[in-house]
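Here the structure is laid out as structure tokens; the discussion comes afterwards.
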Amino acid sequence: MDWDKLRIFHAVADAGSLTHAGDHLHLSQSAVSRQVRALEESLNTTLFHRHARGLILTEQGELLFDATRAMLKRLDAATARIRDSEEEVFGELRVTTTIGFGTLWLAPRLPQLYAKYPDLKIDLMLEERVLDLPMREADVAIRMKEPSQADLIRKRLMSVHMCLFASTSYLESRGTPVSPDDLKHHRLICQNPRSAQVGAGATLVNELMTHDVPSLLTVNNYFGVLQGVLHNLGIGVLPDYLTHDFPDLVRVLPDVHSVEVPVFLAYPEELRHSKRIAAFREFVQEEIIAYRKKIREQAVS
């Protein structure tokens, strides 16, 4: 297929209009229409349904649009890696981590990274599934266990424990538990032990449920658990890195916690000299140093 025709098709599909695509490509509407028609003829298929409100992709058009979108993403990533040899830090960086860590710890700190590198484009992929870095599913990962692949550079960042938290308002109205048996008078908010999560968290939840907890709210990520706690629904199982960022959270039953969960940053060996990776790694390390300092200050005060 003609690459130029594919580029024009992608612009039309993305814009949903020949006119808007032409404006973006600096081509006339008739020139864009001719190229799309020629592509349809070469494929012997119809790529768009045409109506008064614009253009809608046919099933065949959707298939081709998925392919061109993937092609352009790969080209953008390749371009960014080639430009890594230059002095500036810019281009796309695909970062993957868990939903909880990404929404509650990493995303709120990204303004500091963008302030230093305004031309950086972060594609933040938050999911519990471990993406394959050597197969280029992502550039860099922050994970709650040490990566198993041998061809990855990895650095331990910090340790996390799953603990019990409640809001100040909840404890004022319902009282503070002094032993695990007191949980039978409270609602527990947590991830379902069978859902994808850190194993230490699932183990702790299973242990807590042995205390005949009468009411339960399960959410499939820690962001949802946090919202339940902040809205006074009960006592939640949450990572201890939230202590500083959410001052309304109160740690309850401090002797009840999970085993240590290591947090690792990892990236492929081939990206060892990537300036984008280096910038992101330094940013995360600086934020963790600042986080640890604040925790120490809180402990002293």
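Index from 1, following the sequence.
- Considering Ile189, Val252, Thr243 in turn, Thr243 is the only one that fulfils the side chain to side chain contact (heavy atoms under 4.5 Å, CB included) rule with Phe165.
- Close placement of the Phe48 and Phe9 rings is indicated, their centers lying within 6.0 Å of each other.
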> Can you list the steps and then say if Arg272 with Glu269 is a salt bridge (Lys or Arg N to Asp or Glu O under 4.0 Å)?
Replying inline: CA-CA 5 Å; Arg272 174 185 291 274; Glu269 174 72 33; 2.8 Å; yes
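- Counting all heavy atoms, side chain and backbone alike, Lys5 lies closest to Ala38 at CE-CB, 3.4 Å.
- To the nearest 0.5 Å, atoms CG (Leu18) and CZ (Arg34) are separated by 11.5 Å.
- Within 6.0 Å of atom CZ in Arg129, more than 12 heavy atoms from other residues, nucleotides or ligands are found, so the atom counts as buried in its surroundings.
- Side-chain contact annotation: Thr19 with Gln29, donor-acceptor N/O pair under 3.5 Å present.
- Side-chain contact annotation: Arg276 with Tyr117, donor-acceptor N/O pair under 3.5 Å absent.
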>> Working note: Leu216 + Cys190, criterion side chain to side chain contact (heavy atoms under 4.5 Å, CB included); need CA distance, chi angles, decisive distance, verdict.
In response: CA-CA 8 Å; Leu216 189 67; Cys190 59; 3.9 Å; yes
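- For the atom pair CG (Leu188) and CE (Met209), the distance works out to 6.0 Å, reported to the nearest 0.5 Å.
- The structure places CZ of Arg94 at 9.0 Å from CG of Leu133, a figure rounded to the nearest 0.5 Å.
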Please report, to 0.1 Å, the donor-acceptor pairs under 3.5 Å made by any side chain of residues 221-242, with sequence neighbours excluded.
from, atom 1, to, atom 2, distance (Å)
Asn221, OD1, Phe223, N, 3.1
Asn221, OD1, Gly224, N, 2.9
Tyr222, OH, Gln197, OE1, 3.4
His231, ND1, Gln227, O, 2.8
Asn232, OD1, Ser167, OG, 2.5
Asp240, OD1, His161, N, 3.3
Asp240, OD2, His161, N, 3.3
Tyr241, OH, Phe101, N, 3.3

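- A salt bridge is defined here as a Lys NZ or Arg NE, NH1 or NH2 lying under 4.0 Å from an Asp or Glu carboxylate O, and Lys294 with Asp245 fails to meet this definition.
- For the pair Glu282 and Lys155, the salt-bridge criterion is not met [side-chain N within less than 4.0 Å of a carboxylate O].
- The two residues Arg109 and Leu104 make their nearest non-hydrogen contact at NH1-O, 4.5 Å.
- A ring-centre distance under 6.0 Å is not found for His244 and Tyr291.
- Taking a 6.0 Å sphere around CD of Glu260, one finds it holds more than 12 heavy atoms contributed by other residues, nucleotides or ligands.
- The number of heavy-atom neighbours closer than 6.0 Å to CG of Asp181, taken from other residues, nucleotides and ligands shown, is above 12.
- Atom NE2 of His257 is surrounded by more than 12 heavy atoms from other residues, nucleotides or ligands within 6.0 Å.
- The two residues Cys163 and Leu204 make their nearest non-hydrogen contact at N-CD2, 4.5 Å.
- The minimum heavy-atom distance between Leu152 and Ala266, with the atom names listed, is CD1-CB, 4.5 Å.
- Separating the CZ atom in Phe264 from the CZ atom in Arg143 is a distance of 14.0 Å, to the nearest 0.5 Å.
- To the nearest 0.5 Å, the span separating CD on Gln35 from CD1 on Ile8 amounts to 4.0 Å.
- Annotation: the span from Thr176 atom OG1 to Arg251 atom CZ amounts to 14.0 Å, rounded to 0.5 Å.
- Inspection of the Arg7 and Thr68 side chains reveals no N or O donor paired with an N or O acceptor under 3.5 Å.
- Looking at Phe280 and Lys275, their side chains never come closer than 4.5 Å, going by heavy atoms from C-beta outward.
- Of all heavy-atom pairs between Pro268 and Asp139, the closest is CD-O, 3.1 Å.
- Smallest separation of non-hydrogen atoms from Pro193 and Ala202: O-CB, 3.7 Å.
- If you run side chain to side chain contact (heavy atoms under 4.5 Å, CB included) between Leu183 and each of Thr210, Asp212, Leu253, only Leu253 comes through.
- In the hydrophobic clustering, where aliphatic and aromatic side chains (Ile, Leu, Val, Met, Phe, Trp, Tyr) are joined below 4.5 Å either directly or transitively, Val130 stands alone.
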